[in-house]
Amino acid sequence: MSAHLASVPTSDLYTGRSGVESLSPAKSPCPGLYGEPWQKTHAANLDFLNRFGAQAVDLGWTDLERFAIHPVIGTGRADYCGALVLTGRQVEATDAQTVRYGNLTYYRTQVGNPHPRLRGIPIWAFRG
């Protein structure tokens, strides 16, 4: 297995929270997500963890399903990105299969490619 890939996706609240909190809202951790979009994403991630984090863990959402990015090009490959990486919007609801942002819904699985985020890494692990 490549050193870039996480070997076991986690799904505990502590790992996700400490990972997001380790990132500076002023400095993007990866290519493709800069400035105000990154600041909004960081704030939305913290908001999600505060309001829905425990529920998401109980529903089995892993850190990669929530926070994954491509291990080399960051958010440049949207198919590698987790539910909370690309919108910069606050989550309004979550259940076992979806994360909803009003009129936008992120589906946990996709037909033909059930776990694309498992190939990525958590955004806080990106080292370029």
- Message: How long is the straight-line distance from CG of L64 back to OH of Y80, given to the nearest 0.5 Å?
- Response: 12.5 Å
Identify every side-chain donor-acceptor pair in residues 83-90 under 3.5 Å, counting partners at least two apart or on other chains, and give the distances.
{"from": "T87", "atom 1": "OG1", "to": "R89", "atom 2": "N", "distance (Å)": "3.1"}
{"from": "R89", "atom 1": "NH2", "to": "Y101", "atom 2": "O", "distance (Å)": "2.6"}
{"from": "R89", "atom 1": "NH2", "to": "N103", "atom 2": "OD1", "distance (Å)": "3.3"}

- Query: About how many Å separate CG of L23 and CG of N45, when rounded to the nearest 0.5 Å?
  - Reply: 8.5 Å
Only distances under 3.5 Å count here; give the side-chain donor-acceptor pairs of residues 46-54 to other protein atoms, sequence neighbours excluded, each with its distance to 0.1 Å.
{"from": "D47", "atom 1": "OD1", "to": "R51", "atom 2": "NE", "distance (Å)": "3.2"}
{"from": "D47", "atom 1": "OD2", "to": "R51", "atom 2": "NE", "distance (Å)": "2.9"}
{"from": "D47", "atom 1": "OD2", "to": "R51", "atom 2": "NH2", "distance (Å)": "3.0"}
{"from": "N50", "atom 1": "OD1", "to": "R17", "atom 2": "NH1", "distance (Å)": "3.0"}
{"from": "N50", "atom 1": "OD1", "to": "R17", "atom 2": "NH2", "distance (Å)": "3.3"}
{"from": "N50", "atom 1": "ND2", "to": "L46", "atom 2": "O", "distance (Å)": "3.3"}
{"from": "R51", "atom 1": "NH2", "to": "V91", "atom 2": "O", "distance (Å)": "2.4"}

- Query: Among pairs that include at least one residue of residues 30-40, which meet side-chain hydrogen bond (donor to acceptor under 3.5 Å, both in side chains), considering only residues two or more places apart or in two chains?
  - Reply: E36-K40
- Heavy-atom distance under 4.5 Å between the side chains of S28 and L33, does that happen here? yes
- Query: Do you know the tightest heavy-atom contact between G120 and P71?
  - Reply: CA-CD, 4.1 Å
- Distance, nearest 0.5 Å, that separates CZ of F126 from CD1 of I73: 9.0 Å
- Roughly how far apart are L59 CG and E65 CD, rounded to 0.5 Å? 11.0 Å
- Message: Suppose we screen for side chain to side chain contact (heavy atoms under 4.5 Å, CB included). Which residues come up paired with T105, at least two apart in sequence or across chains?
- Response: T98, R100, Y107
- Task: With sequence neighbours left out, write down each residue that passes side chain to side chain contact (heavy atoms under 4.5 Å, CB included) with S24, or none if nothing qualifies.
- Result: A26, K27
- So CD1 of I69 and OG1 of T75: to nearest 0.5 Å the spacing works out to 7.5 Å
- Counting distance only, does the side-chain N/O of H70 pair as donor-acceptor with the main-chain N or O of C81 below 3.5 Å? no
- Audit row: V57, R66, side chain to side chain contact (heavy atoms under 4.5 Å, CB included) steps and yes/no: CA-CA 10 Å; V57 168; R66 294 176 290 166; 4.2 Å; yes
